[in-house]
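One structure below.
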Protein chains: 2
Amino acid sequence: MKKKPATIKEIARKLKISASTVSRALNDHPSIGLVTTMRVKNMAQELHYEPNQTAIFFKQRRTFTIGVILPSLSEPFFSSAISEIENVAGEQNYTVLMGQSHDDAERELQIIHTFKKHRVDGILMSLGKNTEDLSFVDMLKESEVPIVFFDCVPKIEGVNKVYSDLSSGMREAIQSFASIGHKNIALINGPENLLASQERADAYKQALLKEDIAFDEKYVVNTDLTEAGNIEAMEKLLLLSDRPSAIVSFNDFVTLDVIKYARQKGLVQKRDIFFISYANYPLWKYMENPPMGSIEQYPDRQARRAAEMLFAQIGSTEDMKPEAVVFESKLELKN
Amino acid sequence: MKKKPATIKEIARKLKISASTVSRALNDHPSIGLVTTMRVKNMAQELHYEPNQTAIFFKQRRTFTIGVILPSLSEPFFSSAISEIENVAGEQNYTVLMGQSHDDAERELQIIHTFKKHRVDGILMSLGKNTEDLSFVDMLKESEVPIVFFDCVPKIEGVNKVYSDLSSGMREAIQSFASIGHKNIALINGPENLLASQERADAYKQALLKEDIAFDEKYVVNTDLTEAGNIEAMEKLLLLSDRPSAIVSFNDFVTLDVIKYARQKGLVQKRDIFFISYANYPLWKYMENPPMGSIEQYPDRQARRAAEMLFAQIGSTEDMKPEAVVFESKLELKN
DNA sequence: TTGTAGGCGTTATCAT
DNA sequence: ATGATAACGCCTACAA
């Protein structure tokens with residue numbers, strides 16, 4: 001068991017003065033005499049006094065903590081994001097409570113409940129891939145815990161969110177492909193039910209249209225984002241009589257798998273086959289044969305903006321009108 | 001400002017019973033009648049009552065939070081580690097406060113202070129590369145905040161730590177090199193002042209000895225772990241008249257840089273030059289030409305063990321004798 | 001079975 | 001310039 005730390009009362013007792021005087025002295029209240037103040041401060045030192053913030057938090061109804069919920073820190077996107085969130089939080093004297101959902105909706109809810117119990121002053125969240133039930137949003141609104149979504153955001157209105165517009169990057173990707181003569185451009189998309197997949201699918205069609213390339217259903221395949229799924233999707237494309245010469249895929253992880261598979265099948269990148277995907281993970285720069293490009297989604301900017309929105313909410317007296325901030329995504333060509 | 005949430009008192013008032021009865025009913029105290037219990041619970045529901053944990057924490061002198069301090073989540077080693085820490089914490093109904101030091105000793109101290117203010121029940125920490133001043137350890141001991149170090153641990157006695165023995169992996173690495181005929185085996189080490197570097201250097205010498213290879217000073221170079229530093233170190237080795245045919249390097253990041261550089265110089269891996277490094281990052285499996293091997297340091301095992309040690313401390317009444325747990329590192333050959 | 005009272009550490013309010 | 005008191009929300013020994 002823990003020996004209890006020194007309290008204001010103890011200091012007061014030892015000095016035979018009142019607790020309020022001690023409190024004031026410690027906070028440099030002007031009405032306290034210099035001598036008393038010094039005496040108090042010395043005694044505080046001596047007893048290794050440290051204010052019990054939990055008591056203060058309790059009284060102030062503020063914990064100076066925010067909760068961050070995201071799918072997985074092992075994705076570079078999210079580890080970048082949380083770094084930036086921590087920076088912003090630090091600037092505001094806030095600390096970050098962490099929770100990884102691992103794309104499990106149940107776990108998300110559990111984390112939210114834990115955060116509520118801990119009375120976080122606000123929540124930043126990137127949704128898991130399978131989260132359907134958004135009723136927790138109302139629940140949080142009810143108890144006035146501000147929440148800001150980023151990256152993987154719900155499609156509903158009336159919530160604060162920061163995300164990236166996937167279509168700008170897709171347009172650049174398709175255009176880059178078209179400009180070097182590709183006609184058969186495929187899309188390896190994520191699970192169909194995902195909003196992120198739907199957006200990519202739409203953006204893909206739009207971009208093809210813009211380049212006067214006819215949309216052909218057979219060039220769109222889906223993966224469940226497992227390694228097996230990625231390879232299976234690629235296999236489907238390669239078996240087509242008129243196989244694609246260029247591929248946009250859901251994200252860099254997918255591309256990693258399919259590049260490897262293509263290599264095994266004897267295809268040489270940027271000769272037989274061209275790749276672009278979303279995320280722009282830093283590892284590409286080390287690859288001997290990186291894909292043609294990757295679409296940057298700016299995790300740090302998104303995260304910073306989302307955190308700033310959250311702190312604006314936390315700081316304000318009345319509730320603010322929900323805001324949706326969109327960052328353009330941008331193709332980065334490799335080599 | 002936040003509307004204050006329902007409290008036990010409110011429920012009591014509405015039901016015209018005492019707060020203690022409400023408290024007991026909510027906690028299913030056996031002495032409370034079934035009807036009362038139901039009435040209370042219903043009212044609690046209706047008012048969206050949720051116990052104010054901050055009040056409870058305050059009273060219990062326990063926050064059910066642990067603080068985790070590590071250099072950077074963008075290193076896969078640490079993101080694996082924190083995932084596992086979060087798992088263990090979850091099992092204990094604990095939540096994780098996060099702080100990245102970015103290898104800045106000042107920032108470490110600041111985080112520690114924040115954690116103390118938040119009255120975390122314990123701290124898990126992996127030291128930054130430049131941390132020299134360990135006086136915070138005594139400070140924490142003073143205030144009885146248990147701390148367990150992992151991975152990058154202080155060399156002092158009397159602290160709980162979990163780390164990996166780098167020498168076992170080094171031995172395997174050198175042995176693997178020697179077994180396929182390498183004699184000129186170099187070491188690209190980290191900054192000389194680092195404990196982690198010294199250990200590698202020692203292990204390197206020992207391992208050479210064991211293989212009956214003479215130690216030659218010129219084959220040991222240092223890098224500050226920046227890209228430029230890594231390349232510079234490699235350059236030095238390549239300029240040697242009798243350049244090494246095999247290289248052990250500080251970690252996979254270093255190897256990534258030097259592989260790239262070697263490639264630019266026209267060297268073909270596993271023909272002209274062979275690499276092994278520490279960390280065993282997952283990305284190797286995607287590389288067209290991965291290094292010969294990488295030494296696994298088991299971030300998840302280390303993290304789990306460290307977390308378990310911390311919770312043992314937190315749970316126990318008297319203070320326990322500090323323990324040092326060492327995991328062997330293990331070479332993983334690629335392809 | 002239920003109520004009363006006190007306390008956890010701090011601070012704000014009101015008094016002296 | 002300082003002290004006394006109450007209050008934040010919850011729990012629990014003790015009383016009824």
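So that the names make sense, note that chain A is the first sequence line, chain B the second, and so on, each numbered from 1. This structure is a prediction, so every number in the text was calculated from the model and none was measured.
- The distance from the CG atom of B/Leu47 to the NZ atom of B/Lys14 is 5.5 Å, given to the nearest 0.5 Å.
- Of all nucleotides listed (D/dG9, D/dT2, C/dT10), D/dT2 comes nearest to the side chain of A/Thr36.
- The residue B/Phe57 sits apart from the nucleic acid: no heavy atom pair falls under 4.0 Å.
- Following rounding to the nearest Å, B/Gln53 (CD) and D/dC10 (P) show an atom-to-atom distance of 10 Å.
- The distance between atom CG of B/Asn52 and atom P of C/dG9, rounded to the nearest whole Å, is 17 Å.
- The distance from atom CZ of B/Arg24 to atom C1' of C/dT1 is 9 Å, rounded to the nearest whole Å.
- If you measure from atom CD1 of A/Ile32 to atom C1' of C/dT16, you get 14 Å, rounded to the nearest angstrom.
- Nearest-nucleotide mapping onto DNA chain C: of B/Val35 and B/Ala55, the residue sitting toward the 5' end is B/Val35.
- The ring of B/Tyr298 has its center no closer than 6.0 angstrom to the ring center of B/Phe327.
- Neither side chain, B/Ser20 nor B/Ser23, offers a donor N or O lying under 3.5 Å from an acceptor on the other.
- Under 4.0 angstrom from either OP1 or OP2 of D/dA7 there lies no side-chain N or O belonging to B/Lys9.
- Phosphate contact (OP1/OP2 of D/dT12, side-chain N/O of B/Ser23, threshold under 4.0 Å): absent.
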With a cut-off of 3.5 Å and sequence neighbours excluded, list every side-chain donor-acceptor pair involving residues 123-130 of chain B.
unit_1	atom_1	unit_2	atom_2	d
B/Ser126	OG	B/Phe150	O	3.1
B/Ser126	OG	B/Cys152	N	3.3
B/Asn130	ND2	B/Asp103	O	3.2

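- Nearest to the side-chain atoms of A/Ser18 among the listed nucleotides C/dG9, D/dA4, C/dT11 stands D/dA4.
- The pair B/Glu46-B/Lys41 fails the salt-bridge criterion, with no side-chain N (NZ, NE, NH1 or NH2) lying under 4.0 Å from an Asp/Glu carboxylate O.
- Between the CG atom of A/Asn27 and the P atom of C/dT11 there is a distance of 5 Å, rounded to whole Å.
- Note: CD1 (B/Ile17) to P (C/dG3) measures 6 Å, nearest angstrom.
- Across the protein-nucleic acid pair, A/Lys117 atom NZ and D/dG9 atom C1' stand 16 Å apart, rounded to whole Å.
- Not one side-chain nitrogen or oxygen of A/Arg119 sits closer than 4.0 Å to the OP1 or OP2 atom of D/dG9.
- Counting only heavy atoms from C-beta on, A/Ser20 has its side chain closest to D/dT5 among D/dC10, C/dT10, D/dT5.
- In this structure, B/Gln53 contributes its side chain and A/His118 its backbone to no donor-acceptor pair below 3.5 Å.
- As a whole-Å value, the separation of B/Gln60 CD from D/dC11 P is 8 Å.
- Here the closest heavy-atom approach between residue A/Pro51 and residue A/Ile56 is recorded as CB-CD1, 4.3 Å.
- Comparing atom distances between the A/Lys59 side chain and each of D/dG3, C/dT10, D/dG9 picks out C/dT10 as nearest.
- The two atoms that bring B/Ser164 and B/Val326 nearest to each other are C-CG1, 4.3 Å, heavy atoms only.
- Listed candidates were D/dA1, C/dG9, D/dG9. Nearest to the side chain of A/Thr7 is C/dG9.
- Direction of the helix axis in the helix from C/dT1-D/dA16 to C/dT16-D/dA1 shifts by 50° between the two five-pair termini, rounded to 10°.
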